[in-house]
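A short write-up of the structure that comes next.
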Amino acid sequence: MLTSDSLKKYAKNCGADLVGIGPMERFAGAPQEMDPRYIFPDARVMIALAFRIPRGYLRGIEEGTQFFQYPAMGYAGINEVYAPSVLREIACFIEDHGYEGVAYRNTGGRGPVSDMTGAGPSESPEMGRRLSHFESVSSGKPAPDVQFQFRIAAYICGLGEIGHSKNFLTPEYGPRQRFAFILTDAPLAPDPIYKGPALCDRCMACAAECPARAISKNEKIEVVVAGEKIGWGKLDEWKCFYAYMGGVKSINPFLPNDAFKDVPDGEAIMRGEKNVSPEEALKIQKIARKYYPDVCGYNCAMCGGKGCIRACMVHLEKQNKLANKFKQPFRKRKPWSL
């Protein structure tokens, strides 16, 4: 007999670090093109699988001496190799019990709306962050490929909360995990929404240490999910994007000082001071990749989550809020900056 307990035990044996289950009704109010109920209308629950990013993956970037390993293993390795393998095992396990398991791995940039900002074709020229052509297969159905917000889905499945940075925080690992999901018609008992001790105390370390100043300290985005009001700091996704791929000199030792000499306002962009447009961000991406190629098809994650992951993690560990304990603190020296 398939139960929530047996499913979670099996998923963890397969390699998932955390498992949560949420009823599909909690997605009520989601826009059609971001509502997973259209992917599998008969699904009863969603299963969220969290895969930890080992703290050691961030060590090289923290020291400023090895930048390849984090994007290779913390991004590509989890999203492209490890999580899909675990998804298959669990989907087969569910099918062996007579139910359907619809796997959903990371799918960035493969929908009718931008997976970064939610903008559609008439709202933003976000080349590469959404499909260029799409149409609904029948009346009443959204256009493919339907995507959904992973952080909201993880919240719906009871794994934790969304922090001020917009990163998802779990009581086990803070911001150090990536997610994958399974939709199933199996009658599994859901988990409650997380009601444990608050993880994010709005310390603003994420905003203070973000090299692109992409996280607002004052403006907040609020939504209602499963009857609960949740919120996070307003994020400038395109400033975040170009810092993450290495467009800010202070966190990129591979970027020459004159790399943006032919870009209008190039010096301000390099200092992380300009609100860049999508076109500018994508132009900067091409330049940055000349000096440090993409990693396994992924951007180089040059900032290493300086504010939203590392600063947040350091603060949460100092507050003794995380279950994943270490013998030594992560940050032993003042963070470097060029």
Side-chain angles (χ1 to χ4, degrees), residues 1-52 78-107 110-111 115 137-138 140-142 144-162 168 170-173 177-196 224-228 230:
M1 179 180 177
L2 183 62
T3 65
S4 293
D5 287 342
S6 64
L7 183 281
K8 289 180 179 180
K9 181 178 180 179
Y10 185 82
K12 290 183 177 181
N13 286 340
C14 287
D17 289 291
L18 303 173
V19 187
I21 301 173
M24 300 307 292
E25 293 79 16
R26 290 180 185 167
F27 283 98
Q32 274 194 331
E33 63 273 8
M34 300 187 77
D35 189 337
R37 293 176 294 180
Y38 285 99
I39 299 173
F40 186 13
D42 297 319
R44 296 187 182 188
V45 298
M46 171 180 281
I47 303 165
L49 310 172
F51 301 88
R52 83 167 89 177
I78 295 175
N79 287 346
E80 305 296 331
V81 181
Y82 195 75
S85 298
V86 175
L87 282 172
R88 183 188 183 278
E89 293 299 319
I90 299 171
C92 290
F93 177 74
I94 291 171
E95 290 194 355
D96 287 343
H97 286 81
Y99 300 102
E100 194 167 328
V102 178
Y104 197 101
R105 48 147 289 175
N106 183 279
T107 58
R110 290 172 177 82
D115 64 327
V137 300
S138 65
K141 286 189 175 182
D145 275 345
V146 168
Q147 304 178 103
F148 55 87
Q149 226 282 359
F150 274 27
R151 296 170 177 115
I152 288 178
Y155 175 80
I156 280 172
C157 293
L159 289 182
E161 65 183 42
I162 300 176
F168 196 85
T170 64
E172 291 81 10
Y173 309 112
Q177 60 267 310
R178 304 207 183 283
F179 296 102
F181 300 87
I182 293 178
L183 309 173
T184 182
D185 55 347
L188 300 175
D191 292 304
I193 296 294
Y194 177 73
K195 296 288 188 181
V224 176
V225 178
E228 302 285 340
I230 61 175

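Nothing fancy with the numbering, it's 1 onward along the sequence.
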If you look at every heavy atom in Q147 and R110, which pair is closest and at what distance? OE1-N, 3.6 Å
Looking only at non-hydrogen atoms, find the nearest pair between V86 and C14 and report the distance. CG2-O, 3.4 Å
To the nearest 0.5 Å, tell me how far D17 CG sits from L49 CG. 10.0 Å
Value rounded to 0.5 Å, distance of CG in L2 from NE2 in H97: 5.0 Å
Run the salt-bridge test on R26 and E228 with the 4.0 Å N-O cut-off and return the result as yes or no. no
Would K12 and V19 count as a side-chain contact (heavy atoms from CB on, under 4.5 Å) if you check the C-alpha gap in whole Å, the side-chain angles of each, and the deciding distance to 0.1 Å? CA-CA 8 Å; K12 290 183 177 181; V19 187; 4.0 Å; yes
Would you name the heavy atoms of G160 and P171 that are closest together and state the gap between them? CA-CD, 4.4 Å
Applying side-chain contact (heavy atoms from CB on, under 4.5 Å), run through L159 and Y194 and close with a yes or a no. CA-CA 6 Å; L159 289 182; Y194 177 73; over 6 Å; no
Determine whether the aromatic ring centres of Y10 and F93 lie less than 6.0 Å apart. yes
Among F40, Y104, F181, whose side-chain contact (heavy atoms from CB on, under 4.5 Å) with M46 holds? F181
Using modelled atom types only, decide if a donor and an acceptor are shared between the side chain of D185 and the backbone of E100 within a distance under 3.5 Å. yes
Heavy-atom pair of closest approach, residues A16 and F51: CA-CE2, 3.8 Å
Close side-chain approach of I47 and I94, heavy atoms under 4.5 Å: yes
Under the side chain to side chain donor-acceptor pair (under 3.5 Å) test against K8, which residue among N13, T3, D191 passes? D191
Do I152 and I162 pass the side-chain contact (heavy atoms from CB on, under 4.5 Å) test, and can you show the C-alpha distance, the side-chain angles, and the key distance before you say yes or no? CA-CA 8 Å; I152 288 178; I162 300 176; 4.3 Å; yes
Passes side-chain contact (heavy atoms from CB on, under 4.5 Å), T170 versus Q177? Steps please. CA-CA 8 Å; T170 64; Q177 60 267 310; 2.7 Å; yes
In short, V45 meets A186 closest at the heavy-atom pair CG2-O, 4.0 Å
Say you draw a straight line from OG of S6 to CG of L188; how long is it, rounded to the nearest 0.5 Å? 7.5 Å
Of Q32, R37, E33, the one forming a side-chain contact (heavy atoms from CB on, under 4.5 Å) with D35 is R37
To the nearest 0.5 Å, what is the distance between CG (L183) and CD1 (I39)? 6.0 Å
In Å, rounded to the nearest 0.5 Å, how long is the span from CG of L87 to SG of C92? 10.5 Å
For the student: nearest non-hydrogen atoms of A83 and A180, plus distance: CB-CB, 4.2 Å
Could you grab the distance from atom CZ of F179 to atom CZ of F168, nearest 0.5 Å is fine? 5.0 Å
